[in-house]
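Here is the naming used below: chain letters follow the sequence lines, and residue numbers restart at 1 for every chain.
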There are 2 protein chains.
Amino acid sequence: MSLATDRDKLQSADKPTLYKQIRIDIERRILTGEWPPGHRIPFEHELMSRYGCSRMTVSKALSELAQADLIERRRKAGTFVRRPTFLSAVLKIADIRAEIGALGRSYGYELIQCSRRTANAADRARLGARKTGKVIAIACRHSADDVPFAIEDRLIDLDAVPEAAAADFATEPPGSWLLHHVPWTEAEHSISAVVADEQAAAALDIAIGAPCLVIDRHTWRSARPLTAVRLLYPGESHKLIARFKGG
Amino acid sequence: MSLATDRDKLQSADKPTLYKQIRIDIERRILTGEWPPGHRIPFEHELMSRYGCSRMTVSKALSELAQADLIERRRKAGTFVRRPTFLSAVLKIADIRAEIGALGRSYGYELIQCSRRTANAADRARLGARKTGKVIAIACRHSADDVPFAIEDRLIDLDAVPEAAAADFATEPPGSWLLHHVPWTEAEHSISAVVADEQAAAALDIAIGAPCLVIDRHTWRSARPLTAVRLLYPGESHKLIARFKGG
DNA sequence: CACGATTTTATGTATAGACATATAGAGACG
DNA sequence: CGTCTCTATATGTCTATACATAAAATCGTG
């Protein structure tokens with residue numbers, strides 16, 4: 001009878017490091033359904049002898065899977081395949097300039113209106129801030145190859161983002177500026193559909209009553225509102241790539 | 001001169017384990033902008049003495065930050081704060097039954113049409129499969145408190161998901177069934193806006209020409225198409241929560 | 001049997017040390 | 001001055017060991 005462990009099989013396959021191979025091996029069993037949700041994964045000691053390595057190594061593999069929400073580890077009980085309650089995916093939203101650039105189209109930007117004012121009740125409600133001093137209100141238009149791509153209506157809390165006072169939004173779109181200068185901790189997106197009113201239709205060069213996609217994004221840093229933005233896209237498809245976690 | 005390290009400060013704070021405190025500490029510096037994108041984080045050896053712990057411990061903290069894409073580690077060069085090129089966020093889309101349940105509203109489901117057929121050219125194009133045998137085509141409607149919530153038009157590749165032949169889609173919505181029975185590895189969402197045509201307006205009980213949100217979702221397992229679905233929601237807001245990664 | 005105390009056990013964190021590996025930067029050479 | 005090689009170095013992986021911690025399982029008692 002052989003003393004060979006699965007380690008040989010994995011090692012012979014190719015290069016990646018051992019813990020990564022263990023991770024991939026377990027991931028495979030979960031994704032193929034061999035180990036369905038709720039299934040108890042072998043104890044670390046069993047995996048140690050199965051793969052012929054130390055506990056730290058299998059633990060590292062399991063930790064990464066746990067961080068990726070694929071498994072759940074419970075002391076004394078063991079490690080279990082998580083029951084998916086959500087289609088969990090990583091959503092990456094580029095800022096519009098980068099997005100248009102990635103499409104190989106020329107980016108155009110036009111500042112329509114930019115004003116600084118003391119926040120009124122509507123501004124505070126929109127930002128979700130109880131009290132605020134000054135805000136910047138911006139309206140602008142993004143275009144790709146000189147065709148209107150989206151219009152943007154944004155409010156920035158100047159107390160939370162004082163650096164914004166010095167930014168030149170006539171030349172740099174506020175989304176890009178914020179993305180590269182202002183760290184954030186939470187964001188919430190609300191996606192909906194509307195039909196273009198007269199104003200939006202004129203700005204986007206589409207018919208009144210044409211469908212538009214709306215993305216409302218609120219951004220916070222440690223629960224403090226930073227900015228609220230509404231983006232209006234002509235109804236043509238706007239793509240979001242969502243991949244299973246764990247590269 | 002004191003031999004005290006930052007470890008004392010962190011430890012005294014409260015409970016979490018050391019490596020987690022280190023992670024949180026570094027995360028804080030990044031999020032507050034103290035360490036801006038591109039900044040080189042102190043070498044592991046410096047962090048060792050700063051926090052008064054072993055290299056494995058700081059390495060574990062840094063590894064988690066790297067897995068969360070907050071930092072980038074390069075051999076010999078060091079560890080750097082990543083320049084965010086995307087608003088990266090975790091998107092969680094519940095299946096519609098769970099979503100309505102979470103809202104505290106009663107879920108209603110109605111199968112409109114369900115047929116099994118040999119895939120035609122249009123089916124293959126929609127699934128993105130070069131060749132397929134049989135498919136299941138499903139049309140159904142979801143409602144919340146007896147008000148139409150969304151209509152669904154779905155195609156399932158029976159070769160890739162043979163278990164679907166035995167499922168009873170008259171009682172269980174296909175989205176829920178698939179989520180709980182079929183593991184997947186990749187999904188792609190395409191979100192757009194349309195106006196309701198006569199048929200959609202009738203099914204959703206809205207006016208013709210009213211805005212609707214469309215979500216097209218394609219799901220694969222190891223590059224093999226499993227299902228393609230189009231969901232049509234009345235234009236009222238459909239919320240997606242996106243949070244900064246790394247809890 | 002109910003219920004609280006004790007034991008057992010699987011994971012969680014931390015350590016020191018070792019070797020692997022990629023690569024930035026220095027130095028050699030044409 | 002460019003390019004090539006070599007070396008120093010920071011991260012990457014792995015081990016063996018130790019103790020901490022949470023919770024399931026067991027035991028003991030009223």
Side-chain angles (χ1 to χ4, degrees), chain A residues 5-26 35 38-82 246-247, chain B residues 5-26 35 38-82 246-247:
Chain A
T5 63
D6 284 12
R7 177 170 190 165
D8 305 305
K9 244 178 283 172
L10 292 184
Q11 290 284 42
S12 69
D14 239 326
K15 356 196 156 173
T17 57
L18 181 50
Y19 94 88
K20 239 172 219 162
Q21 297 221 29
I22 296 174
R23 179 160 88 62
I24 290 170
D25 191 46
I26 293 175
W35 288 348
H39 174 87
R40 209 209 73 232
I41 286 174
F43 295 129
E44 294 188 351
H45 280 96
E46 303 178 57
L47 293 173
M48 278 173 66
S49 53
R50 175 186 297 207
Y51 295 111
C53 64
S54 74
R55 190 162 80 88
M56 281 297 299
T57 302
V58 311
S59 180
K60 181 161 186 175
L62 293 177
S63 294
E64 286 199 2
L65 289 171
Q67 205 187 334
D69 251 1
L70 217 79
I71 61 174
E72 187 186 345
R73 314 186 74 192
R74 290 208 308 276
R75 275 168 156 141
K76 166 77 184 184
T79 302
F80 302 84
V81 178
R82 265 181 80 89
Chain B
T5 64
D6 284 12
R7 177 169 190 167
D8 305 303
K9 244 177 284 173
L10 292 184
Q11 289 283 42
S12 69
D14 239 329
K15 359 201 155 168
T17 57
L18 181 51
Y19 93 88
K20 240 172 218 162
Q21 297 221 28
I22 296 174
R23 179 160 87 61
I24 290 170
D25 191 46
I26 294 175
W35 287 348
H39 175 87
R40 209 207 73 231
I41 286 174
F43 296 130
E44 295 188 350
H45 280 94
E46 303 178 56
L47 293 173
M48 280 172 65
S49 53
R50 173 185 297 209
Y51 294 112
C53 64
S54 74
R55 190 162 81 89
M56 280 295 299
T57 302
V58 311
S59 181
K60 182 162 185 177
L62 293 176
S63 294
E64 287 199 2
L65 290 171
Q67 204 187 331
D69 251 3
L70 216 74
I71 60 174
E72 187 186 348
R73 314 186 74 191
R74 290 207 309 275
R75 274 166 156 140
K76 165 78 185 182
T79 302
F80 302 84
V81 178
R82 264 182 81 90

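- A distance of 4.5 Å separates CG in A:L65 from CD1 in A:I71, rounded to the nearest 0.5 Å.
- Set against C:dT13, C:dA14, D:dT13, the side chain of A:Y19 has D:dT13 as its closest nucleotide.
- The listed nucleotides are C:dA14, C:dT11, C:dT13; the one nearest the side chain of A:H45 is C:dT11.
- An angle of 10°, rounded to 10°, separates the two end axes of the helix from C:dC1-D:dG30 to C:dG30-D:dC1, each defined over five pairs.
- Listed nucleotides C:dG12, C:dA16, C:dT13 differ in distance to A:E44; the shortest reach to its side chain belongs to C:dG12.
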Please enumerate all protein N or O atoms sitting under 3.5 Å from an N or O of nucleotides 5-9 of chain D, with distances to 0.1 Å.
unit_1	atom_1	unit_2	atom_2	d
D:dT9	O4'	B:K76	NZ	3.3

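- Rounding to the nearest 0.5 Å gives a distance of 10.5 Å between OG1 of B:T79 and CH2 of B:W35.
- Residue B:R55 places no side-chain N or O under 4.0 Å from the OP1 or OP2 atom of C:dT15.
- Comparing A:M56 and A:G78, the nucleotide of DNA chain C nearest to each residue sits closer to the 5' end for A:G78.
- Contacts of B:S63 with the nucleic acid, taken as non-hydrogen atoms under 4.0 Å apart, are absent.
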Can you give me every donor-acceptor pair (side chain of residues 55-62 of chain A, partner residue at least two apart or in another chain, under 3.5 Å) with its distance?
unit_1	atom_1	unit_2	atom_2	d
A:R55	NH1	A:E44	OE1	2.6
A:T57	OG1	A:S54	OG	3.3

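- For a distance-only test at 3.5 Å, the side chain of B:R74 fails to qualify as a donor-acceptor partner of the base of D:dG12.
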